[in-house]
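Since the structure is predicted, the reported quantities are computational estimates derived from the model, not experimental observations. All residue numbers refer to positions in the sequence shown, counting from 1.
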Amino acid sequence: MAAQNTAGAPASAGPDAFRQARDFLLAHREDYRAAREGFVWPRPEEFNWALDWFDPLARGNGSTALWIVEEDGGETKLSFDTLRRRSDRVARRLRERGVRAGDRIVVMLGNQAELWETMLAAMKLRAVVIPATPLLGPADLADRIGRGGARHVVVRTADTGKFAEVPGEYTRIAVGGTPPSGWLAYEDGPDREDGDDEGFVPDGPTRADDPLLLYFTSGTTARPKLVEHTHASYPIGHLTTMYWIGLRPGDVHLNISSPGWAKHAWSNFFAPWNAGATVFVHNYTRFDASRLLAEMDRCGVTSFCAPPTVWRMLIQADLSALRTPPREAVAAGEPLNPEVIEAVRRAWGVTIRDGFGQTETSVQVANPPGQPLKTGSMGRPSPGFTVVLLDPVTGEPADEGEICLDLADRPVGLMTGYAGDPARTAEAMAGGYYRTGDIGSRDADGYITYIGRADDVFKSSDYKISPFELESALLEHEAVAEAAVVPAPDPLRLSVPKAYVVLAEGWEPGPVTAKALFAHSRAVLAPYKRIRRLEFAELPKTVSGKIRRIELRERTAQGGGTEFREEDHR
């Protein structure tokens with residue numbers, strides 16, 4: 001008799017175990033204790049999410065799976081059943097163009113229907129997808145094709161010119177319009193509105209531990225790593241992402257994320273479709289908070305996920321323009337500052353719930369629906385994750401230390417490792433733990449508060465400084481739209497906190513604003529944490545929108561720029 005997990009699913013069954021684990025989390029969406037105690041990861045030997053979950057969910061299902069609203073007002077709405085049939089057709093076409101099981105395929109598309117079709121089709125073919133943002137240039141693409149070992153690329157026709165400088169023997173497939181010389185058309189037939197129902201016959205079973213996705217990280221501190229995920233680690237792993245967001249069948253879920261990054265797969269693909277919710281996308285060339293709020297209102301968005309940068313821009317707008325706020329609001333990508341949470345709570349009566357994960361994992365730590373929230377905390381460990389804080393000096397469990405996952409109870413939602421880099425994988429998995437490189441603290445109730453990246457935290461006069469804490473304090477001032485804090489060399493204290501600040505509209509850079517911010521720093525921060533130096537400047541970011549503090553540290557060490565010092569502005 002097959003072993004039973006406490007969620008009621010046979011441990012050996014694939015689709016059945018997945019469905020029962022999913023239903024268990026939906027049934028306990030506001031009961032954290034029951035979810036933590038009762039959830040056990042499905043660990044099937046064979047599993048193909050597109051064939052075993054999406055297709056059965058989609059067959060005959062006329063509800064909307066994908067809803068894209070364009071900047072000009074145009075819309076694309078595709079049902080689950082339409083996407084099932086269209087992805088079958090795309091899978092057959094890609095097979096005709098030479099895509100085989102195990103082949104690596106760079107997919108560089110925008111938020112367009114073909115992106116979701118291709119993801120499903122590649123999964124059905126057992127190809128390995130290397131997602132790429134259309135913002136990448138030739139050098140980045142050469143790195144992805146070279147290190148990723150790509151044999152095929154699927155890109156928008158408008159972006160094919162970037163590949164003229166990218167060497168290699170790979171099949172070139174262009175989406176939209178007439179393909180240029182040397183490129184194959186994504187589709188031969190002009191009418192793809194409903195697809196067809198000839199079906200797709202896989203050429204073999206899918207092992208759950210077969211590779212599915214290769215993600216290049218955003219590279220905030222070093223050369224991008226190549227993260228490998230399987231047919232289990234993201235499709236099954238994002239059951240807990242579904243749980244954290246609080247998604248329900250029939251929800252209309254908006255996640256603001258660019259294609260090519262892991263968060264897009266988290267909340268624009270796996271988590272909503274695990275729940276049977278609609279993926280909603282609003283495309284725009286320039287962020288317009290008022291237009292976004294109007295579209296959310298018109299289209300009935302019920303759950304909303306955005307990175308802190310977007311939340312900080314939204315609170316500059318009139319949030320009351322959204323007459324029907326989403327039921328669920330979450331933030332991910334970087335920690336969310338408490339003052340932003342409070343501004344949204346005042347306007348919408350909804351509390352943004354923070355969560356913590358990485359490209360390497362699904363959600364590790366989170367505030368799920370219905371649970372008490374603590375200001376500044378990113379929550380408690382997700383169901384299925386055993387989180388340990390390790391003291392960076394002793395390596396022993398502690399109340400403050402590096403956020404790690406216990407591999408004795410390895411979560412399904414964890415990467416296989418870093419592809420082609422066994423040394424880096426061994427380092428990340430050393431001592432029986434997966435080491436995130438992030439520092440956190442845990443209180444008596446098990447809530448974890450983010451302190452910073454291990455290489456971002458620094459000492460000043462022998463006091464440990466968390467840049468995130470100081471940045472949050474600065475954002476409380478109305479003049480500050482964004483801030484990043486790094487150490488600046490100091491002959492007496494070794495280093496002192498320096499802030500790079502992007503000002504809100506209506507404020508001018510100069511000594512008057514600097515004096516106001518230094519005064520604010522003295523009022524809200526302990527003396528050893530005060531901002532001692534300040535510079536008004538745009539913040540360098542990765543193409544995924546994360547602040548590159550390493551670049552700011554280098555800029556600070558080199559000097560230059562117009563710097564204001566606290567001792568001169570009292």
Side-chain angles (χ1 to χ4, degrees), residues 29-30 64-69 71 75 111 238 240-259 261-284 287-357 362-363 366-371 373 378-379 544-545:
R29 60 183 300 277
E30 294 193 8
T64 302
L66 179 63
W67 187 355
I68 303 173
V69 176
E71 196 169 33
E75 291 189 348
N111 275 321
H238 285 301
T240 55
T241 305
M242 173 198 77
Y243 172 77
W244 161 56
I245 297 172
L247 289 167
R248 303 174 182 173
D251 272 346
V252 177
H253 179 61
L254 168 60
N255 169 57
I256 296 182
S257 177
S258 298
W261 303 111
K263 189 61 176 66
H264 197 274
W266 280 36
S267 294
N268 277 5
F269 196 80
F270 291 114
W273 285 351
N274 279 346
T278 298
V279 173
F280 178 80
V281 175
H282 173 45
N283 280 326
Y284 50 81
F287 181 79
D288 182 335
S290 298
R291 172 70 187 280
L292 178 67
L293 294 172
E295 293 296 347
M296 290 173 66
D297 216 28
R298 180 181 70 87
C299 300
V301 168
T302 57
S303 57
F304 179 41
C305 179
T309 298
V310 170
W311 282 112
R312 288 193 286 266
M313 289 190 288
L314 278 173
I315 66 171
Q316 305 291 322
D318 180 12
L319 292 178
S320 66
L322 182 56
R323 295 167 297 179
T324 307
R327 184 190 71 247
E328 311 293 351
V330 296
E334 290 185 304
L336 189 63
N337 312 97
E339 60 279 3
V340 178
I341 296 174
E342 183 56 34
V344 173
R345 184 187 290 126
R346 288 196 305 267
W348 289 354
V350 174
T351 301
I352 306 171
R353 294 179 286 102
D354 215 344
F356 170 79
S362 57
V363 175
N367 288 295
Q371 302 309 302
L373 302 180
M378 58 191 184
S544 64

Using side-chain heavy atoms (C-beta onward) and a distance below 4.5 Å, is [X] in contact with [Y]?
X	Y	answer
W244	V330	yes
N274	M242	yes
L322	T324	no
D354	L373	no
P326	M296	yes
C299	V69	yes

Shortest non-hydrogen contact between [X] and [Y], atoms and distance:
X	Y	value
L293	L319	CD1-CA, 4.2 Å
D288	S290	OD1-N, 3.1 Å
C305	K263	SG-NZ, 3.1 Å
A275	L247	CB-CB, 3.8 Å

* Proximity of F304 and W311 rings by center, below 6.0 Å ->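 Between W311 and F304, which both carry aromatic rings, the centre distance is below 6.0 Å.
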* Aromatic ring proximity F280/H282, centre distance under 6.0 Å ->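 For F280 and H282, the ring centres are not under 6.0 Å apart.
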* State whether the side chain of R291 and the backbone N or O of E71 hold a donor-acceptor pair below 3.5 Å, judged by distance alone. =>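 Confirmed, R291 side chain pairs with E71 backbone.
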* Asked: Between T241 (side chain) and W266 (backbone), is there a donor-acceptor pair under 3.5 Å?
  ->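 The answer is no, because no donor-acceptor pair under 3.5 Å joins these two groups.
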Interatomic spacing from [atom1] in [X] to [atom2] in [Y] - rounded to 0.5 Å:
X	Y	atom1	atom2	result
E75	E295	CD	CD	7.5 Å
S267	I245	OG	CD1	3.5 Å
S257	F269	OG	CZ	14.0 Å
N111	N268	CG	CG	6.0 Å
L254	T302	CG	OG1	10.0 Å

Can you sort out the partners of [X] under side chain to side chain contact (heavy atoms under 4.5 Å, CB included), two or more places apart, ordered by chain and number?
X	answer
P369	R29, E30, E328, R353
A289	F287, L314, A317
Q316	A504

* **H238 versus S362, side-chain donor and acceptor atoms under 3.5 Å** =>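 No, H238 and S362 have no side-chain donor paired with an acceptor closer than 3.5 Å.
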* **Residues forming a salt bridge (Lys or Arg N to Asp or Glu O under 4.0 Å) with D251, sequence neighbours excluded** =>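 Per chain and number, D251 pairs via salt bridge (Lys or Arg N to Asp or Glu O under 4.0 Å) with R327.
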* Partners meeting salt bridge (Lys or Arg N to Asp or Glu O under 4.0 Å) with R323 (sequence neighbours left out) ->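 For R323, the residues satisfying salt bridge (Lys or Arg N to Asp or Glu O under 4.0 Å) (neighbours in sequence not counted) are D297.
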* Where do W273 and V279 land on the side-chain contact (heavy atoms from CB on, under 4.5 Å) test, with the steps shown first? -> CA-CA 8 Å; W273 285 351; V279 173; 3.5 Å; yes
Side-chain donor-acceptor distances from residues 339-347 under 3.5 Å, at least two apart:
unit_1	atom_1	unit_2	atom_2	d
E342	OE1	R345	NH1	2.4
R345	NE	T351	OG1	3.2

